[in-house]
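This report refers to the structure that appears directly beneath it.
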Amino acid sequence: MTNHLLEIYQILLAEFGPQHWWPAETEFEVIVGALLTQQTRWENVEQAIANLKSESLLTPDALADADRDTIEECIRCTGFYRQKSERLQLLSRHFARNRISGILDKPAGALRAELLSLKGVGYETADSIILYAAHKPVFVIDAYTKRICECINVNGGYEALQRYFEGGLPRDTHLYQEFHALIVRYGKEYCTKKRCDECIIAQSVIV
DNA sequence: CACCAGGTTGACC
DNA sequence: GGTCAACATGGT
């Protein structure tokens with residue numbers, strides 16, 4: 001079985017260069033960012049992260065004990081701020097009870113199940129945390145990935161697309177990190193309704 | 001003014 | 001198994 005995934009990766013890498021994702025100073029910052037970026041522009045998440053930092057709330061213990069109103073103020077700019085503040089605090093309490101490294105060091109399968117049991121953590125958020133905070137090779141499928149897959153006539157739900165990527169690439173954490181980052185970088189710029197006809201992936205790869 | 005953004009949930013079929 | 005409205009602010 002062959003596919004064109006490595007070819008697409010090379011095209012994107014040549015076009016945009018290494019992206020060095022995920023932008024964050026700590027593993028917990030990755031986790032918080034993964035929750036806050038749901039259906040939200042990253043620039044707004046950066047603002048919210050900065051707000052949380054200025055309130056010294058960017059640790060599990062601090063967020064676990066913080067006033068809900070204070071959290072809401074910090075993250076209002078990311079939208080859905082009421083449900084996100086609750087979910088952020090529940091998640092923080094989970095990571096405050098146990099040690100972060102103790103959780104992230106678990107095998108990917110067990111870690112994924114544990115993350116998915118948290119309210120507000122679905123497939124993409126869980127996999128982003130596993131790939132960028134725990135540094136384990138699971139491929140993250142987001143809205144841009146789905147769109148690009150449609151461009152090359154690959155369709156399916158989350159886990160079907162994940163199997164497609166993981167089955168067609170070497171099982172390598174760094175490759176997964178860069179590839180997903182490149183897909184997002186590319187998708188923001190070109191995979192829109194207006195510019196879909198300029199898609200360098202569809203032009204370069206015939207499936 | 002309409003539409004979209006690095007989704008998830010609970011309800012429903 | 002899949003689909004759908006609700007969730008909410010900020011940018012184009």
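Below, chains carry the letters A, B, ... as their sequence lines are ordered, and counting in each starts from 1.
Along DNA chain B, the nucleotide nearest to A:Tyr132 and the one nearest to A:Gly120 differ in position, and the one closer to the 5' end is contacted by A:Tyr132.
Heavy atoms of A:Val45 sit nowhere under 4.0 angstrom from any nucleic acid atom. As judged by a 4.0 angstrom heavy-atom cut-off over every strand, A:Gln39 is placed among the base-contacting residues. Nucleic acid contact for A:Gly79: base, since at least one base atom lies under 4.0 Å from a heavy atom of the residue. Residue A:Leu36 is out of contact with every strand shown, counting any heavy-atom pair closer than 4.0 Å. Among the atoms of the strands shown, none is found under 4.0 Å from any heavy atom of A:Lys84.
Residue A:Trp42 and nucleotide B:dG6 are classified as a stacked aromatic pair, their ring centres being separated by less than 5.5 Å at an interplanar angle below 30°. Judged by centroid separation below 5.5 Å and plane tilt below 30°, A:Phe80 does not stack onto the base of C:dA6.
Here the nucleotide nearest the side chain of A:Tyr144, chosen from C:dA8, B:dG7, B:dA5, is B:dA5. Side-chain proximity of A:Arg87 to B:dT8, C:dC7, B:dG6: nearest is B:dT8. Distance from the side chain of A:Arg76 is smallest for C:dT9 among the nucleotides C:dT9, B:dT8, C:dA8. Picking from C:dA8, C:dG11, B:dT8 the nucleotide with the shortest atom distance to the side chain of A:Arg41 gives C:dG11. Of all nucleotides listed (B:dG7, C:dT9, B:dT9), B:dG7 comes nearest to the side chain of A:Gln38. The listed nucleotides are C:dC7, B:dA5, B:dG6; the one nearest the side chain of A:Asp142 is B:dG6.
When rounded to the nearest whole Å, the span between CD of A:Gln83 and C1' of C:dA8 equals 9 Å. Following rounding to the nearest Å, A:Arg147 (CZ) and B:dA5 (C1') show an atom-to-atom distance of 9 Å. A:Gln162 places its CD atom 15 Å from the P atom of B:dG7, with the value rounded to the nearest Å. A straight line from CG of A:Leu131 to P of B:dG6 spans 18 Å, rounded to a whole angstrom. For the pair A:Leu35 CG and B:dG6 C1', the computed distance is 13 Å after rounding to whole Å. Atom OH in A:Tyr81 sits about 21 Å away from atom P in B:dG7, given to the nearest Å. One atom, NE2 of A:His180, and another, P of B:dG7, lie 8 Å apart when rounded to the nearest Å. For A:Tyr158 and C:dG1, the OH to C1' distance is 18 Å, given to the nearest whole Å.
Side chains of A:Thr145 and A:Asp142: a donor on one and an acceptor on the other come within 3.5 Å.
Note on A:Arg185 versus A:Glu15: no salt bridge recorded, every NZ/NE/NH1/NH2 to OD/OE distance being 4.0 Å or above. Comment: A:Lys106 engages A:Glu114 in a salt bridge, judged by a side-chain N to carboxylate O separation of less than 4.0 angstrom. The pair A:Lys53-A:Glu25 meets the salt-bridge criterion, since a charged nitrogen lies less than 4.0 angstrom from a carboxylate oxygen. The pair A:Glu166-A:Arg171 meets the salt-bridge criterion, with a side-chain N (NZ, NE, NH1 or NH2) lying under 4.0 Å from an Asp/Glu carboxylate O. Using a 4.0 Å cut-off between charged nitrogen and carboxylate oxygen, A:Glu159 and A:Arg112 count as a salt-bridge pair.
Comparing the same atom, P, in C:dT3 and in B:dG6 gives a spacing of 22 Å after rounding to whole Å. Distance check on atom P: B:dT8 versus C:dG10 gives 22 Å, rounded to whole Å. Comparing C:dA6 with B:dC3, their P atoms sit 15 Å apart, to the nearest whole Å.
For B:dT8, the OP1/OP2 oxygens have a side-chain nitrogen or oxygen of A:Thr125 closer than 4.0 Å.
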